[in-house]
*Asks:* 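Have a look at this one.
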Number of protein chains: 2
Amino acid sequence: MASNGHDNIPDIVIGRLPIYLRALNRLADDGQEITSSHELGQRLGISSAQIRKDLSHFGGFGKQGTGYQIEYLQEKLRKVLNIDREWEVALIGVGDLGKAIAHYRGFADRGFHIACLFDSDPAKVGQEIGDYTVQPMAALQQAIQDKGIRLAMLAVPVQHAQEVANTLVESGITGILNYAPINLTVPKHIQVQYIDPVVGLQRMTYYLED
Amino acid sequence: MASNGHDNIPDIVIGRLPIYLRALNRLADDGQEITSSHELGQRLGISSAQIRKDLSHFGGFGKQGTGYQIEYLQEKLRKVLNIDREWEVALIGVGDLGKAIAHYRGFADRGFHIACLFDSDPAKVGQEIGDYTVQPMAALQQAIQDKGIRLAMLAVPVQHAQEVANTLVESGITGILNYAPINLTVPKHIQVQYIDPVVGLQRMTYYLED
DNA sequence: GAAAAGCTGTTATAGTTTTCACATGAAGAA
DNA sequence: TTCTTCATGTGAAAACTATAACAGCTTTTC
Ligand SMILES: NC(=O)c1ccc[n+]([C@@H]2O[C@H](COP(=O)([O-])OP(=O)(O)OC[C@H]3O[C@@H](n4cnc5c(N)ncnc54)[C@H](O)[C@@H]3O)[C@@H](O)[C@H]2O)c1
Ligand SMILES: NC(=O)c1ccc[n+]([C@@H]2O[C@H](COP(=O)([O-])OP(=O)(O)OC[C@H]3O[C@@H](n4cnc5c(N)ncnc54)[C@H](O)[C@@H]3O)[C@@H](O)[C@H]2O)c1
């Protein structure tokens, strides 16, 4: 049916594709070559019908009677998600969390290359972290525009998150991964994703008996 | 997800409550005392009707013509979510990420107290981090049972995450916040929440034009 | 090589979630 | 007071999402 043009695929379907891809990565690591909607569903706690239906939005990736070739399906999902290439990401805020992020290899392994680091603290500016030097905020706009960077990770204290987000948007960033526990107000065409572990914990305690 | 003796409030509603609470925290920080479903909705990019409907599952927290008393609503939401008390959390894996987590004050500020640290690496065991000493994995079950800990954060390498999760479940943990990029297989009564920043990035790139 | 078993893609059905729209109550203005 | 404005809580309708079921192709089994 539809291929990679932005037809009207529900957001909720798009949101599950990275989860499918992550499960496929694990199966591939284990040396497995073929899987099925049933196996994936069992692993993910999702019905097999839902997986088949989600995938069918983008074309037939499987083979009746056989299942899905893992490597092929990974390739197709990467293409759909636009991650069949490397994305450069700016990281703002090189504190405890920012440093852990900068050292973490899991981003590069999955196609996201941290291409520059920024911090407002003069004591941090100039520090070498990984392959890069921490730059001052004054250099942000120019650097992002020169490199054509579209994505940023925001790891500054909550009080400054909105203000830095505004700067990012002005600089041309269109996707922000926000670690600060605050909902950002941004123009409609800007994507934001939130990482807030406390929200995760709070979602669980509801279900725990006292 | 199993609902523990609660009414049958949809999971999706429960999942939004921490987001509402977070927004209320910000408003309270700004010194505001009253808000409305409309104001909250604007900040969160959610319709006001949805917020009113969500809250109405738990009783009438607002006042017609006026809105919601922020402090009162926070209190009520905390009660609903079972976070009108402090929860102790075990942290497994004291690497780069685990250290950043252990130093982060945002957990304690929002009612989650990291009560013990574990690592399998003999070089890490015995290290002092924050107020606690890293303990060996062999001490895990006893410590968790003695303290009656129900929640754990999992920050070990992906290859060991499932095996450690199994140990946690055996030890009596019923909620796991998993930082490793793998879907855990656990018994039905165990809650799991995932923190995977790469998934967040991948959800955004779909919407970015090439 | 025929029958059995397995799996996809898809259409139809069931279920869930969101939005709409309004009755009702509160607060301030004139 | 009375009028106007504002905002909640809620049933009904609309929109969306998940599940069930099956035709049709593939592989395995005997
Ligand atoms: N540490 C964690 O495990 C963790 C976990 C979840 C969320 N967070 C969140 O991530 C953010 C950072 O946490 P952290 O523990 O690394 O804090 P931190 O204080 O160690 O680091 C914050 C960094 O941001 C820099 N900064 C401050 N204002 C800035 C500005 N206007 N522009 C650019 N840089 C600025 C500071 O100089 C500092 O280096 C916080 O919002 C926190 O709530 C942290
Ligand atoms: N660093 C980050 O910013 C970041 C971000 C997102 C996700 N993660 C994920 O978090 C996990 C940890 O990342 P990290 O960068 O801290 O890795 P790390 O290698 O620095 O730390 C892992 C720690 O786990 C310990 N460990 C290993 N096996 C163990 C076992 N069986 N039982 C107990 N402890 C064990 C190790 O001794 C080490 O101290 C990984 O799964 C990683 O993918 C990390």
Side-chain angles (χ1 to χ4, degrees), chain A residues 1-3 6-20 23-24 27 32-77 80 203 206, chain B residues 1-3 6-20 23-24 27 32-77 80 203 206:
Chain A
M1 290 263 172
S3 64
H6 282 201
D7 308 280
N8 43 350
I9 315 279
D11 288 348
I12 199 162
V13 171
I14 301 303
R16 279 191 294 263
L17 301 186
I19 308 295
Y20 298 162
L24 292 170
L27 289 169
Q32 198 169 319
E33 293 186 353
I34 287 175
T35 188
S36 66
S37 61
H38 189 75
E39 182 181 43
L40 274 175
Q42 284 234 305
R43 297 221 170 192
L44 298 177
I46 286 179
S47 80
S48 61
Q50 177 160 90
I51 292 173
R52 291 199 300 281
K53 183 121 211 234
D54 284 352
L55 296 179
S56 77
H57 283 102
F58 309 97
F61 298 153
K63 204 163 155 194
Q64 288 178 337
T66 308
Y68 300 91
Q69 199 84 28
I70 290 174
E71 197 175 333
Y72 179 75
L73 184 52
Q74 287 178 300
E75 195 180 294
K76 289 297 185 183
L77 288 181
V80 167
R203 283 177 177 164
Y206 174 82
Chain B
M1 258 181 249
S3 175
H6 290 89
D7 307 300
N8 48 344
I9 315 278
D11 289 345
I12 197 159
V13 171
I14 301 304
R16 277 191 295 262
L17 301 185
I19 308 296
Y20 299 162
L24 292 169
L27 289 169
Q32 198 169 321
E33 293 186 353
I34 287 176
T35 188
S36 66
S37 61
H38 190 74
E39 182 181 42
L40 274 175
Q42 284 233 306
R43 296 220 171 192
L44 298 177
I46 287 179
S47 82
S48 61
Q50 176 159 88
I51 291 173
R52 290 198 302 280
K53 184 133 240 203
D54 284 353
L55 296 178
S56 77
H57 283 102
F58 309 97
F61 298 152
K63 205 162 152 193
Q64 287 178 337
T66 308
Y68 300 91
Q69 199 84 27
I70 290 173
E71 199 175 331
Y72 179 74
L73 185 52
Q74 286 178 301
E75 196 179 293
K76 288 298 186 181
L77 288 182
V80 167
R203 283 177 177 164
Y206 174 81

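The structure presented is a predicted model; accordingly, all values stated were derived computationally and were not measured. The chains referred to below are lettered A, B, ... by the order of the sequence lines, with proteins before strands, and numbering in each begins at 1. Computed over heavy atoms, backbone and side chain alike; hydrogens, waters and symmetry mates excluded.
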*Asks:* To the nearest Å, how far apart are Ile34(B) CD1 and dC6(D) P?
*Replies:*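 To the nearest whole Å, that distance equals 16 Å.
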
*Asks:* With DNA chain D as reference, determine whether Gly62(B) or Ala49(A) sits nearer its 5' end, using the nearest nucleotide of each.
*Replies:*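 First, find each residue's nearest nucleotide; the 5'-ward one identifies Gly62(B).
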
*Asks:* Could you check whether the side chain of Gln64(B) and the base of dT24(C) have a donor-acceptor pair of N or O atoms closer than 3.5 Å, going by distance alone?
*Replies:*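 Such a pair exists between side chain and base.
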
*Asks:* Give the rounded distance in Å between these two atoms: NE2 of His57(A) and P of dC16(D).
*Replies:*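 Value for this atom pair: 12 Å.
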
*Asks:* Looking only at side-chain atoms of Ser56(B), point me to the closest of dA7(D), dT17(C), dT10(D).
*Replies:*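 Closest of the options to the side chain of Ser56(B): dT10(D).
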
*Asks:* Identify which nucleotide among dT8(C), dT17(D), dT8(D) has an atom closest to any side-chain atom of Tyr68(B), counting heavy atoms from C-beta outward.
*Replies:*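 The nucleotide sitting nearest to the side chain is dT8(D).
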
*Asks:* Does a nitrogen or oxygen in the side chain of Ser37(B) sit under 4.0 Å from OP1 or OP2 of dT8(D)?
*Replies:*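 So the side-chain polar atoms of Ser37(B) do come within 4.0 Å of the phosphate oxygens OP1 or OP2 of dT8(D), strictly under.
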
*Asks:* For the CG atom of Leu77(B) and the CG atom of Leu24(B), what is their distance to the nearest 0.5 Å?
*Replies:*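 The distance works out to 6.5 Å.
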
*Asks:* Could you check which of dA12(C), dT17(C), dT19(C) has an atom nearest any side-chain atom of Pro10(B)?
*Replies:*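 Among dA12(C), dT17(C), dT19(C), the one nearest the side chain of Pro10(B) is dT17(C).
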
*Asks:* Of the nucleotides dG11(D), dT8(C), dA7(D), which has the atom closest to the Lys53(B) side chain?
*Replies:*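 Comparing dG11(D), dT8(C), dA7(D) against the side chain of Lys53(B), the answer is dG11(D).
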
*Asks:* Whole Å only: how far is the CD1 atom of Ile12(A) from the C1' atom of dC16(D)?
*Replies:*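 Those two atoms, CD1 and C1', are 9 Å apart.
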
*Asks:* Yes or no on side chain to side chain contact (heavy atoms under 4.5 Å, CB included) for Val80(B) and Ile9(B), after CA distance, side-chain angles and deciding distance?
*Replies:* CA-CA 11 Å; Val80(B) 167; Ile9(B) 315 278; over 6 Å; no

*Asks:* Where the side chain of Thr66(B) is defined as all heavy atoms beyond and including C-beta, which of dT17(D), dG11(D), dA26(C) is the nearest nucleotide?
*Replies:*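 Of the options given, the side chain of Thr66(B) lies nearest dA26(C).
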
*Asks:* Is the backbone of Ile34(B) close enough, under 3.5 Å, to the side chain of Gln32(B) for a donor and an acceptor to pair up by distance?
*Replies:*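 Yes; judged by distance alone, with no hydrogens or angles, the pair exists.
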
*Asks:* What is the separation between atom CG on Asp54(A) and atom P on dT17(D), rounded to the nearest whole Å?
*Replies:*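 Rounded to whole Å, this separation is 11 Å.
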
*Asks:* Would you kindly give the NE2-to-C1' distance between His38(A) and dT8(C), to the nearest whole Å?
*Replies:*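 After rounding, the reported distance stands at 14 Å.
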
*Asks:* Provide, to the nearest angstrom, the distance between the CD1 atom belonging to Ile70(A) and the C1' atom belonging to dC7(C).
*Replies:*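 Whole-Å distance recorded here is 15 Å.
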
*Asks:* Let me confirm one number: the CD1-CD1 distance from Ile46(B) to Ile19(B), rounded to the nearest 0.5 Å.
*Replies:*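 Spacing of CD1 (Ile46(B)) from CD1 (Ile19(B)) equals 7.5 Å.
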
*Asks:* Heavy atoms under 4.0 Å, any strand shown: does Leu55(A) hit a base, just sugar-phosphate, or nothing?
*Replies:*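 If one applies the 4.0 Å heavy-atom cut-off, Leu55(A) turns out to touch nothing in the nucleic acid.
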
*Asks:* Send over the distance from Leu73(B) CG to dG9(D) C1', rounded to a whole Å.
*Replies:*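 Going from CG in Leu73(B) over to C1' in dG9(D) covers 14 Å.
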
*Asks:* Using a cut-off of 4.0 Å on non-hydrogen atoms, how would the nucleic acid contact of Ser48(B) be classed: base, sugar-phosphate, or nothing?
*Replies:*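 Ser48(B): no heavy atom of the nucleic acid under 4.0 Å.
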
*Asks:* Less than 3.5 Å apart, any donor N or O on the side chain of Ser48(B) or Arg52(B) sitting next to an acceptor on the other?
*Replies:*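 A donor-acceptor contact under 3.5 Å links the two side chains.
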
*Asks:* Could you tell me how far apart Lys63(A) (NZ) and dT27(D) (P) are, to the nearest whole angstrom?
*Replies:*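 Interatomic distance, NZ of Lys63(A) to P of dT27(D): 4 Å.
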
*Asks:* Closest nucleotide of DNA chain D for Gly65(B) versus for Ser47(A): which of these residues is on the 5' side?
*Replies:*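 The residue mapped nearer the 5' terminus is Gly65(B).
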
*Asks:* Nearest to the side chain of Arg52(A), heavy atoms from C-beta on, is which of dA26(C), dT26(D), dT10(C)?
*Replies:*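 Minimum distance to the Arg52(A) side chain belongs to dT10(C).
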
